[in-house]
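In each ligand, atom 1 is the first atom listed, and ligand 1 is the first ligand listed. Only heavy atoms go into these numbers, but all of them, side chains included; no hydrogens, no water, no symmetry mates.
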Amino acid sequence: MAEIGFIGLGNMGGPMARNLKAAGHAVKGFDVMPAAVEAARDAGIETVDSAAAAADGVEAVFTMLPAGRHVRAVYLGADDQAGVIAAARKGTVMIDSSTIDVASARAVHAAAAEAGMPMVDAPVSGGVGGAEAGTLTMMVGGPDAAFAAAKPYLEIVGGRVIHAGGPGNGQVAKVCNNMILGITMIANAEAFTLAEKLGLDPKVLFDISSTSSGSNWAMLNHNPVPGVVETAAANRDYMPGFSTAMMHKDLQLAQAAAQEAGAATPLGAEAAALYTLFANAGHGDLDYSAIIKLIAAED
Ligand code: NAD
């Protein structure tokens with residue numbers, strides 16, 4: 001049994017912390033939102049008053065936070081708030097599972113390495129359902145020794161744990177994967193809308209394309225047209241699922257990374273712009289497959 005600090009007890013962090021506790025570890029949780037703290041306490045998790053207190057004296061620290069600025073503040077410290085790196089004892093394993101920009105991830109990695117803390121970035125895919133079931137896919141970046149130290153903990157919250165390479169490479173894998181997903185969803189939305197306007201039944205297009213060269217994961221699993229794939233969010237008035245807001249965030253992160261790397265991602269840029277339009281029109285809470293409403297110019 002280990003003592004683990006868990007910072008960020010929201011939709012994803014809450015169930016991940018519960019799974020670590022259920023696996024027999026002692027978890028010290030912290031969140032800035034009273035409701036998240038209360039929910040963790042109701043689940044039998046000890047809660048503390050600061051990120052530094054959660055990191056004090058533990059073997060491992062998890063963070064599951066909204067964005068890069070929160071991750072920087074929690075690890076490096078901010079204003080009068082002590083950072084986790086300064087508060088933890090040397091050798092504490094640090095695992096950031098937030099989805100954040102590659103530059104912030106690498107900056108925090110560098111500070112952790114300098115302080116003698118093995119660190120990995122381990123963003124996830126699988127959503128709240130995956131967090132609850134402990135089946136998340138974990139895309140992990142960090143030195144080999146840090147990956148080896150973090151793996152036993154990652155295997156509790158995740159079903160698949162993949163070492164993607166050095167510091168920040170988990171975030172790189174995450175944004176590249178989701179850029180493919182965003183672009184292919186828009187391709188599906190365009191093709192299914194065009195087919196319908198030309199008088200081709202979407203189910204017939206699905207029967208053909210799903211076993212032809214146009215087949216893709218988003219089409220098979222998250223088909224944007226109601227009545228085509230039974231389990232798709234399109235059949236639940238586009239209740240997520242994976243929200244437009246989340247897809248929008250990940251496409252923005254991909255664009256920031258592309259700019260920094262000098263990589264040309266014209267379709268990624270277009271996908272980001274379309275999801276910005278759709279999110280700004282007030283549809284952030286809908287599943288990302290609802291982008292077909294924008295493409296088909298429906299209400
Ligand atoms: P959330 O907003 O529900 O949870 C984030 C929590 O962090 C909140 O409870 C917030 O109060 C807390 N927080 C913010 N600043 C803090 C600080 N300084 N100290 C302590 N706590 C702080 O978000 P979520 O859905 O749990 O997502 C967390 C991360 O996981 C995000 O980076 C998101 O992109 C990523 N992610 C989410 C999903 C999903 O389906 N929800 C899927 C994959 C990845």
* Any side-chain heavy atom of Thr244 sitting closer than 4.5 Å to one from Ile291? -> no

* Which part of Lys174 is near ligand 1, with near meaning a heavy atom under 4.0 Å away: side chain, backbone, both or neither? -> side chain

* To do: Return yes when atom CD of Gln81 has more than 12 non-hydrogen atoms of other residues, nucleotides or ligands closer than 6.0 Å, and no otherwise.
  => yes

* Asked: Does an N or O anywhere in Met246 fall below 3.5 Å from an N or O of ligand 1?
  -> no

* If we only count heavy atoms from C-beta on, is the Arg106 to Val172 side-chain gap below 4.5 Å? -> yes

* Lys249 heavy atoms, cut-off 4.0 Å: which ligand 1 atoms fall inside? -> 31 (C), 32 (O), 33 (C), 34 (O)

Donor-acceptor pairs are to be reported for all side-chain atoms of residues 135-150 against protein atoms at under 3.5 Å, with residues two or more places apart or in another chain.
none

* Pick whichever of Leu65, Val74, Val124 has a heavy atom sitting closest to atom 16 (C) of ligand 1. => Leu65

* Is at least one protein non-hydrogen atom found at under 4.0 angstrom from atom 23 (O) of ligand 1? -> no

* Based purely on interatomic distance, does Ser125 place a nitrogen or oxygen under 3.5 Å from a nitrogen or oxygen of ligand 1? -> no

* Structure fact -> Note: heavy atom closest to atom 27 (O) of ligand 1, options His70, Arg72, Met12, belongs to Met12

* Asked: Short list, please: which atoms of ligand 1 are under 4.0 Å from a heavy atom of Phe30?
  -> 19 (N), 20 (C)

* Asked: Heavy atoms only: which of Asp31, Asn178, Leu253, Val37 is nearest to atom 12 (C) of ligand 1?
  -> Asp31

* ligand 1 and Gln81, any nitrogen or oxygen pair closer than 3.5 angstrom? -> no

* To do: Run the ring-centre check on His222 versus Tyr288 and record whether the distance is less than 6.0 Å.
  => yes

* Taking the side chain from Asp31 and the backbone from Ala36, do they hold a donor-acceptor pair closer than 3.5 Å? -> no

* Structure fact -> Here the atoms of ligand 1 under 4.0 Å from any heavy atom belonging to Met33 are 11 (O)

